[in-house]
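Have a look at the structure below before the remarks.
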Amino acid sequence: MNAPSILAERAAVPAAKPSLAGSTRAEIAEALRGLGLPEREIKMRVAQIWHWIYFRGATDFDQMLNIAKPMRAALAERFTLARPDIVAEQVSADGTRKWLLRMPKTGPFDKGAEIECVYIPEADRGTLCVSSQVGCTLTCSFCHTGTQKLVRNLTAAEIVGQVLVARDRLGDFPGGVAPKDGLVPAGEGVRAVSNIVFMGMGEPLYNFENVREAIAVLSDGEGLSLSRRRITVSTSGVVPQMAALGEQCGTMLAVSLHATNDKLRDTLVPLNKKYPIKDLLDACRTYPGASNARRITFEYVMLKGVNDTPAEARALVRLLKGLPAKINLIPFNPWPGTSYQCSDWETIERFSDIVFSAGYASPVRTPRGRDILAACGQLKSETEKLRARARLMLEESLALGQE
Ligand code: SAH
Ligand code: SF4
């Protein structure tokens, strides 16, 4: 008998069943049509399934008690409610959690994309920092994500999946139990995941359609019900998409400014060569929905000897004059191989004082989760280091075995 070829073996592996967790209403409707459900029933069934997935956090079709058993079985035969897998979890001393997530496979040859997602608890709220892409095609010189080779857009379901995983893990669905090993905000009306920031891996405005679909799911009042005012999308300055973000998503905007003149910003955020500071600030001035009650956040990473002089602090204030702005000074988080350093604390304070005197309150973002490398721009590196160590150990033990 001939040995089966590897290809034939592989082809025999059944394609993974798609997950409905993370789907839009239209996708769920399509799935039901595929099961042969009559058109007149679809809307009602979509509403039921939606409630189970996003309000109750169902992970199994059998939990959907108001759906008849044969239909639950038919759903389970074709679909799952799988979320991204938690490959690793790290909990910082300050309660910050970082998850390495593997996305459900789309087929037998898909190894499953990996991304990171960070949860930052505070006394009365919890912020989830989600990724919009695997890696990033932009190459900001101080950002570790930009050095990653593999890049692809996350689907809307993969973006929503990050929020489902976090709510599962933090006991944030009805009947859920919060983990005992760390700080999770609790109390009457307090939600563990109350805010979402698109500040993980990737440039959200380079994946606009999926981000928009994901925001529609996250903010749907019959499901996850996250207010659009509690969702912030951070961009490095994709000017042509900014108005669409405001009009179609109605979320808060954060802009990664990091420099006050084009010459420097060209080197820090190379996209600046395409959309220079003036164009970026014009787009901010006309950002739909921006007002004193809904300010635009300007992120400014503090790089030692690069962008941190008092003159630059004054230039920043001048530049943002007349804009409904908040300023977030972000201490630079170093990563292996970077040549940048974080500004000294006194320098940051001096910079912050100037910005503060101009009327911007408490602008320094306290670094969170530093002990687990969860802070901005550090996603992925630690895990890669751990993997490299594990590989080395494996190679060593193999070598020993051969001796
Ligand atoms: N691509 C988007 C969103 C993800 S980055 C953007 O650039 O806005 C989220 C924020 O972290 C951005 O302001 C980014 O400039 C900042 N950042 C990236 N690397 C960093 C690092 N090593 N230290 C501190 N902030 C960093
Ligand atoms: Fe991409 Fe944002 Fe990193 Fe720049 S800072 S490389 S846009 S993730």
Side-chain angles (χ1 to χ4, degrees), residues 96 98 115-118 120 127-154 159 162 196-208 210-211 214 231-239 241-242 245 251-259 264-275 280 283-284 296-304 306-308 316 325-343 348 363-370 373-382:
T96 300
K98 183 176 72 169
I115 51 110
E116 288 188 336
C117 184
V118 178
I120 306 148
T127 303
L128 190 71
C129 176
V130 297
S131 294
S132 54
Q133 298 183 303
V134 180
C136 185
T137 52
L138 297 169
T139 49
C140 301
S141 51
F142 55 89
C143 173
H144 190 235
T145 306
T147 64
Q148 238 175 269
K149 289 217 173 58
L150 180 73
V151 182
R152 81 154 168 87
N153 282 336
L154 290 177
I159 297 171
Q162 298 170 55
I196 307 283
V197 292
F198 282 79
M199 292 185 187
M201 294 160 84
E203 169 50 56
L205 297 192
Y206 271 3
N207 185 17
F208 181 65
N210 289 321
V211 166
I231 302 177
T232 302
V233 175
S234 174
T235 180
S236 57
V238 185
V239 168
Q241 292 289 349
M242 285 167 57
L245 177 73
T251 48
M252 306 297 281
L253 174 69
V255 171
S256 298
L257 191 60
H258 308 316
L264 177 59
R265 195 164 188 272
D266 281 351
T267 69
L268 298 178
V269 184
L271 187 65
N272 193 67
K273 291 183 206 147
K274 210 162 169 191
Y275 310 117
L280 180 57
C284 291
I296 298 171
T297 301
F298 287 89
E299 296 159 284
Y300 195 95
V301 62
M302 298 299 297
L303 301 167
K304 188 177 196 162
V306 174
N307 64 354
D308 59 357
L316 179 61
K326 281 195 277 198
I327 298 174
N328 248 332
L329 301 181
I330 316 174
F332 170 65
N333 293 301
W335 38 273
T338 179
S339 48
Y340 293 109
Q341 287 175 299
C342 182
S343 309
I348 298 182
V364 185
R365 191 199 283 171
T366 345
R368 298 287 304 260
R370 274 209 158 165
L373 271 180
C376 324
Q378 289 180 308
L379 297 177
K380 196 88 179 164
S381 59
E382 180 67 355

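Computed over heavy atoms, backbone and side chain alike; hydrogens, waters and symmetry mates excluded. In listed order, ligands and their atoms are each counted from 1.
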Note to self: Suppose I only count heavy atoms of Phe198 and a 4.0 Å limit; which atoms of ligand 1 are within that range?
What the structure shows: 3 (C)

Notebook entry, point to check: Going by atom types only, do Glu203 and Ser132 share a side-chain donor-acceptor pair under 3.5 Å?
Noted result: no

Item checked: Contact atoms of ligand 1, heavy-atom distance to His258 under 4.0 Å -> 13 (O), 14 (C), 15 (O)

Margin query: I'd like the name of whichever of Cys143, Ser256, Cys136 reaches closest to atom 3 (Fe) of ligand 2 through any heavy atom.
Written below: Cys143

Checklist line | Element-labelled atoms of ligand 1 that are located less than 4.0 Å from some non-hydrogen atom of Thr235 | finding: 6 (C), 8 (O)

Item checked: Protein contact of atom 6 (S) of ligand 2 - nearest heavy atom, named by residue and atom, plus distance -> Leu138 O, 3.4 Å

Note to self: Can you tell me how the ring of Phe332 sits relative to the ring of Tyr340, calling it parallel under 30°, perpendicular over 60° and tilted otherwise?
What the structure shows: perpendicular

Next item on the list: Run the numbers for me: atoms of ligand 1, each under 4.0 Å from some heavy atom of Cys143, listed by number.
Entry: 18 (C), 19 (N)

Notebook entry, point to check: What atoms of ligand 1 come closer than 4.0 angstrom to any heavy atom of Trp335?
Noted result: 22 (N)

Check: Can you tell me the protein heavy atom closest to atom 4 (Fe) of ligand 2 and the distance?
Finding: Cys140 SG, 2.3 Å

Checklist line | Ligand-residue contact atoms, ligand 1 with Val301, heavy atoms, under 4.0 Å | finding: 24 (C), 25 (N)

Checklist line | Proximity winner for atom 6 (C) of ligand 1, if only heavy atoms of Gly202, Ser132, Ser256 are counted | finding: Ser256

Note to self: I'd like to know whether ligand 1 has Met201 as a neighbour, heavy-atom separation below 4.0 Å.
What the structure shows: no

Notebook entry, point to check: Where is the nearest protein heavy atom to atom 2 (Fe) of ligand 2: which residue, which atom, and how far?
Noted result: Gly202 O, 4.5 Å

Check: Any N or O on Ser234 sitting closer than 3.5 Å to an N or O of ligand 1?
Finding: yes

